[in-house]
Engineer: 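Can you read through this structure? Questions will come right after.
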2 protein chains.
Amino acid sequence: MRLARRLRAERGDHGLTLSQLSVLATLHRHGAMTSGELAAHERVQPPSMTRTVANLVADGLLERKDNPEDRRQVLLRLTKAGTELLASDRARREAWLTCRMSEITADERQTLARAAVILDRLAGS
Amino acid sequence: MRLARRLRAERGDHGLTLSQLSVLATLHRHGAMTSGELAAHERVQPPSMTRTVANLVADGLLERKDNPEDRRQVLLRLTKAGTELLASDRARREAWLTCRMSEITADERQTLARAAVILDRLAGS
DNA sequence: ATTTTTAGTTAGCAAAGGTAATGAGTTATG
DNA sequence: CATAACTCATTACCTTTGCTAACTAAAAAT
């Protein structure tokens with residue numbers, strides 16, 4: 001909990017929340033998907049995702065595209081602005097992480113890397 | 001992010017949020033403290049803590065005690081109900097964790113334990 | 001005695017989470 | 001084919017959690 005808050009504090013300049021950033025990152029990694037798929041992936045209820053997405057669309061970071069094959073669905077994808085913001089955030093985060101990583105030993109770094117893999121598996125990626 | 005949500009989903013029966021639970025756990029681990037100390041420890045601004053604490057007091061899990069030496073301060077401590085709820089939550093969480101831990105090898109468990117220590121240090125516990 | 005600082009609070013904003021109910025589109029069935 | 005049933009996304013509404021700014025009361029400093 002405290003660690004999560006510490007990370008949140010490192011969110012910084014762009015003014016996006018972790019949830020919003022996570023949506024952008026998911027779309028970047030897995031490509032365009034529907035609101036429902038996004039909700040399932042982020043482990044959130046559909047209405048919550050609707051709202052988060054609406055905010056991101058309003059900010060011009062996502063765009064909606066109707067699916068002609070099933071007109072109930074809406075495909076979401078990153079705009080150019082969204083992709084760029086994600087890239088710059090990643091850079092900033094990398095910088096912070098690099099700084100942190102310099103505070104620990106190579107051994108410890110390896111332990112963290114292994115732990116990340118295990119946790120990812122437990123989270124059911 | 002997704003892992004955090006997965007954990008949150010495991011919150012279950014008692015109806016408390018992670019923030020509330022974290023406050024109870026902190027008070028249990030470090031003993032009674034003031035609202036300000038609690039806020040600093042949870043890395044949250046004082047007004048946020050005021051409200052969280054107010055909810056917990058309303059639920060009968062915390063109690064306020066004026067400090068006669070400095071009457072600006074309010075000491076917060078767990079009630080019996082708060083202590084019991086914390087214990088039962090811990091038991092439930094342990095059960096879940098034990099179940100998870102049985103899914104991985106002893107080697108992996110050790111990796112996670114080591115990682116936890118390192119992260120704690122980075123978080124500035 | 002007055003000013004400054006400190007602890008906690010109140011008021012008000014936005015985001016994120018949830019459930020319940022609706023609307024529109026698709027699929028299944030009589 | 002017409003209707004029933006289901007699915008996807010949304011709207012409406014509630015709670016909790018963060019935040020900042022402004023305020024009160026108490027303590028400390030001048």
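By convention in this document, chain letters (A, B, ...) are assigned in the order of the sequence lines, proteins followed by strands, and residues within each chain are numbered from 1.
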Engineer: If the cut-off is 4.0 Å, is A:Asn67 near the phosphate of D:dC8, judged by side-chain N/O to OP1 or OP2?
Structural biologist: no

Engineer: Return yes if the base of C:dT6 and the side-chain atoms of B:Arg72 contain a donor-acceptor N/O pair under 3.5 Å, otherwise no.
Structural biologist: yes

Engineer: What is the distance, to the nearest angstrom, from the CG atom on A:Leu38 to the C1' atom on D:dA9?
Structural biologist: 13 Å

Engineer: When you get a sec, tell me which of D:dC19, C:dA15, C:dT9 is the closest nucleotide to the side chain of A:Thr17?
Structural biologist: C:dA15

Engineer: Could you state the atom-to-atom distance from CE of B:Met49 to C1' of D:dC19 in whole Å?
Structural biologist: 14 Å

Engineer: Among D:dT16, D:dT10, C:dA16, find the nucleotide with the atom closest to the side chain of A:Gln20.
Structural biologist: C:dA16

Engineer: Does B:Thr34 put a side-chain nitrogen or oxygen below 4.0 Å from OP1 or OP2 of C:dA7?
Structural biologist: no

Engineer: Measure from CG on B:Asp66 to C1' on D:dT24 and round the result to the nearest Å.
Structural biologist: 15 Å

Engineer: Calculate the interatomic distance between B:Lys65 atom NZ and C:dG8 atom C1'; express it in whole Å.
Structural biologist: 17 Å

Engineer: Look at the side-chain N and O atoms of A:Arg64 and state whether any lies under 4.0 Å from the OP1 or OP2 oxygen of D:dT10.
Structural biologist: yes

Engineer: Do the side-chain N or O atoms of B:Ser48 get closer than 4.0 angstrom to the phosphate oxygens (OP1, OP2) of D:dG18?
Structural biologist: no

Engineer: Nearest whole angstrom, please: distance from the C1' of C:dA16 to the CG of A:Leu18.
Structural biologist: 11 Å

Engineer: Do B:Met33 and B:Leu78 share a hydrophobic cluster (ILVMFWY, side-chain heavy atoms under 4.5 Å, transitive)?
Structural biologist: yes

Engineer: Using a strict cut-off of less than 4.0 Å between a Lys/Arg side-chain nitrogen and an Asp/Glu carboxylate oxygen, indicate whether A:Lys80 and A:Glu84 qualify as a salt bridge.
Structural biologist: yes

Engineer: Would a single hydrophobic cluster contain both B:Val57 and B:Leu24, if residues Ile, Leu, Val, Met, Phe, Trp and Tyr are joined by side-chain heavy-atom contacts under 4.5 Å?
Structural biologist: yes

Engineer: Decide yes or no for B:Val23 and B:Leu76: does some side-chain heavy atom of the first lie under 4.5 Å from some side-chain heavy atom of the second?
Structural biologist: no

Engineer: Could you tell me how far apart A:Asp70 (CG) and C:dT26 (C1') are, to the nearest whole angstrom?
Structural biologist: 7 Å

Engineer: If you check every side-chain atom of A:Gln73, which of D:dT17, C:dA16, D:dC8 has the closest atom?
Structural biologist: D:dC8

Engineer: From the set C:dA16, D:dT17, D:dA26, return the single nucleotide nearest to any side-chain atom of B:Thr52.
Structural biologist: D:dT17

Engineer: Is B:Arg51 side chain donor-acceptor paired with the D:dT16 base, going by distance under 3.5 Å alone?
Structural biologist: no

Engineer: Atom CD of B:Gln45 to atom C1' of C:dC13: distance rounded to whole Å?
Structural biologist: 15 Å

Engineer: What nucleic acid atoms does B:Glu69 come within less than 4.0 Å of, heavy atoms only: base, sugar-phosphate, or nothing?
Structural biologist: sugar-phosphate

Engineer: Considering only side-chain heavy atoms of A:Val44, which listed nucleotide, C:dG17, C:dT10, D:dA26, is closest?
Structural biologist: C:dG17

Engineer: Between atom CG in B:Leu56 and atom C1' in D:dT16, what is the gap in whole Å?
Structural biologist: 11 Å

Engineer: Can a donor-acceptor pair be found, under 3.5 Å and without considering hydrogens, that links the side chain of A:Arg114 to the backbone of B:Glu108?
Structural biologist: no

Engineer: Counting C-beta onward and ignoring hydrogens, is there a side-chain heavy-atom pair between A:Asp59 and A:Leu16 closer than 4.5 Å?
Structural biologist: yes

Engineer: So does A:Thr50 get a side-chain nitrogen or oxygen closer than 4.0 Å to the phosphate oxygens (OP1/OP2) of D:dT11?
Structural biologist: no

